[in-house]
Amino acid sequence: PVFQPEQNPQVEEVVTSKYISSSIIHTIRITCSVFALLLLISIFAFYMSLNGCKVTLPLLLGTIASSVFLGSLGMLAAGITNNTAVSYMVPIVYYSLNFAGGSSFGNFYLFSMMNGEYGQKVWLFASGTGMILLSVFVKRVMVKFR
């Protein structure tokens, strides 16, 4: 989790007392996380294609978009609540609701590629990116008011 080290008050005090903004530290952690996400999903897609699966670029990008969205939900929850357990529960609940509720989520339906629709993935990626930026901003504001 991106914000997990600062949950310890002593670590948060040290990080916030430094010249470099904690937002820069969070941005570096987010960049590493997104790079690892891209790498792992790409390796898995390559492995699937080696075993005869038809993995296309839209499927790969759609999977990345869904992953960014679910991760950003957790990151926003962690930024607001300062609790790692809640940050894991929110994406799991959203995934479960999508699984049970069908396509009633509209543009934010995670399983749209099963129906051959890829347009929703643009919405998921854009809102996921927005939630990442919002979570860094929320965390920065919360640090300043402590």
Side-chain angles (χ1 to χ4, degrees), residues 1-49 53 55-114 117-146:
V2 174
F3 302 132
Q4 195 268 337
E6 285 82 12
Q7 286 183 355
N8 183 336
Q10 290 83 15
V11 173
E12 183 180 26
E13 186 177 318
V14 170
V15 170
T16 56
S17 68
K18 299 299 178 189
Y19 179 72
I20 295 176
S21 171
S22 61
S23 297
I24 294 173
I25 303 298
H26 295 146
T27 303
I28 292 170
R29 289 183 196 155
I30 291 167
T31 304
C32 290
S33 296
V34 169
F35 179 72
L37 176 88
L38 293 171
L39 184 66
L40 290 173
I41 291 174
S42 298
I43 288 171
F44 186 67
F46 179 70
Y47 176 75
M48 288 176 58
S49 67
C53 297
V55 180
T56 62
L57 186 62
L59 291 173
L60 178 68
L61 295 176
T63 303
I64 290 169
S66 295
S67 300
V68 167
F69 179 76
L70 288 172
S72 66
L73 273 177
M75 189 181 306
L76 186 59
I80 292 170
T81 64
N82 202 29
N83 188 331
T84 303
V86 171
S87 71
Y88 284 115
M89 284 189 263
V90 169
I92 290 172
V93 168
Y94 188 82
Y95 183 90
S96 301
L97 289 173
N98 263 258
F99 195 73
S103 61
S104 61
F105 283 86
N107 287 332
F108 297 100
Y109 182 52
L110 293 174
F111 305 111
S112 63
M113 291 191 301
M114 289 173 46
E117 300 172 10
Y118 300 95
Q120 289 91 341
K121 298 303 177 180
V122 174
W123 284 91
L124 288 174
F125 185 77
S127 60
T129 304
M131 282 191 288
I132 289 172
L133 296 172
L134 181 62
S135 65
V136 171
F137 176 74
V138 164
K139 193 67 173 175
R140 182 179 175 112
V141 168
M142 290 179 78
V143 164
K144 283 188 176 184
F145 287 114
R146 285 191 189 171

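Quick caveat: nothing in here was measured; it's all calculated off a predicted structure. In this chain, numbering begins with 1 at the start of the sequence shown.
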Chemist: Please report the C-alpha distance between Val68 and Ile132 in whole Å, then the side-chain angles of each, then the deciding distance to 0.1 Å, and finally whether the side-chain contact (heavy atoms from CB on, under 4.5 Å) criterion is met.
Modeler: CA-CA 9 Å; Val68 167; Ile132 289 172; 4.2 Å; yes

Chemist: Please determine whether the number of non-hydrogen atoms from other residues, nucleotides or ligands lying under 6.0 Å from atom CG of Leu39 exceeds 12.
Modeler: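 Yes, enclosed.
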
Chemist: For atom OH of Tyr88, decide whether the heavy atoms of other residues, nucleotides or ligands shown that lie under 6.0 angstrom number more than 12.
Modeler: no

Chemist: Does any N or O in the side chain of Lys139 come within less than 3.5 Å of the main-chain N or O of Leu76, such that one atom is a donor and the other an acceptor?
Modeler: no

Chemist: What is the distance from atom CZ of Arg140 to atom OG of Ser21, rounded to the nearest 0.5 Å?
Modeler: 4.0 Å

Chemist: When rounded to the nearest 0.5 angstrom, what is the spacing between OG in Ser87 and CD1 in Ile92?
Modeler: 9.5 Å

Chemist: Can you give me the closest heavy-atom contact between Ile80 and Met142, atom names plus distance?
Modeler: O-CE, 3.4 Å

Chemist: Is the distance between the ring centroids of Tyr94 and Phe105 under 6.0 Å?
Modeler: yes

Chemist: Any heavy-atom pair between the side chains of Pro5 and Arg29 that's under 4.5 Å?
Modeler: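 When only atoms from C-beta onward are counted, Pro5 and Arg29 do touch, with a gap below 4.5 Å.
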
Chemist: Heavy atoms only: give me the nearest Gln120-Gly106 pair and the separation to one decimal.
Modeler: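 Distance-wise, the nearest heavy atoms are CG-O, 3.6 Å.
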
Chemist: Determine whether Phe125 and Thr129 make a side-chain contact, defined as any pair of heavy atoms from C-beta on separated by less than 4.5 Å.
Modeler: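 A side-chain contact exists here, since the closest heavy-atom pair is under 4.5 Å.
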
Chemist: What verdict does the side-chain contact (heavy atoms from CB on, under 4.5 Å) test give for Tyr118 and Leu59, after you've listed the backbone C-alpha separation in whole Å, the side-chain angles of each residue and the deciding distance to 0.1 Å?
Modeler: CA-CA 8 Å; Tyr118 300 95; Leu59 291 173; 3.8 Å; yes

Chemist: Using 0.5 Å steps for rounding, measure from the CG atom of Asn98 to the CG atom of Leu70.
Modeler: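 That separation rounds to 8.0 Å.
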
Chemist: Kindly compute the distance separating OG1 (Thr56) from CE (Met113), expressed to the nearest 0.5 Å.
Modeler: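 Those atoms lie 8.0 Å apart.
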
Chemist: Which word best sums up how the rings of Phe99 and Tyr95 line up, parallel for under 30°, tilted for 30 to 60°, or perpendicular for over 60°?
Modeler: parallel

Chemist: Grab the two heavy atoms, one from Asn83 and one from Ala85, that are nearest each other, plus how far apart they are.
Modeler: OD1-N, 3.0 Å

Chemist: Working to the nearest 0.5 angstrom, can you tell me the gap between Phe69 CZ and Met131 CE?
Modeler: 4.0 Å

Chemist: Considering non-hydrogen atoms only, spot the tightest contact between Ser33 and Val2 and give its length.
Modeler: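 What the structure gives for the nearest pair is OG-CG2, 4.3 Å.
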
Chemist: Give the minimum heavy-atom separation between Phe46 and Ser49, together with the two atoms involved.
Modeler: O-OG, 2.7 Å

Chemist: Hey, does Phe3 have a side-chain heavy atom less than 4.5 Å from the side chain of Thr84?
Modeler: no

Chemist: Can you see which heavy atom on Asn107 is nearest to which on Leu124, and at what distance?
Modeler: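 Asn107 and Leu124 have their closest heavy atoms at O-CG, 4.2 Å.
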
Chemist: For the CG atom of Leu61 and the OG atom of Ser66, what is their distance to the nearest 0.5 Å?
Modeler: 11.0 Å

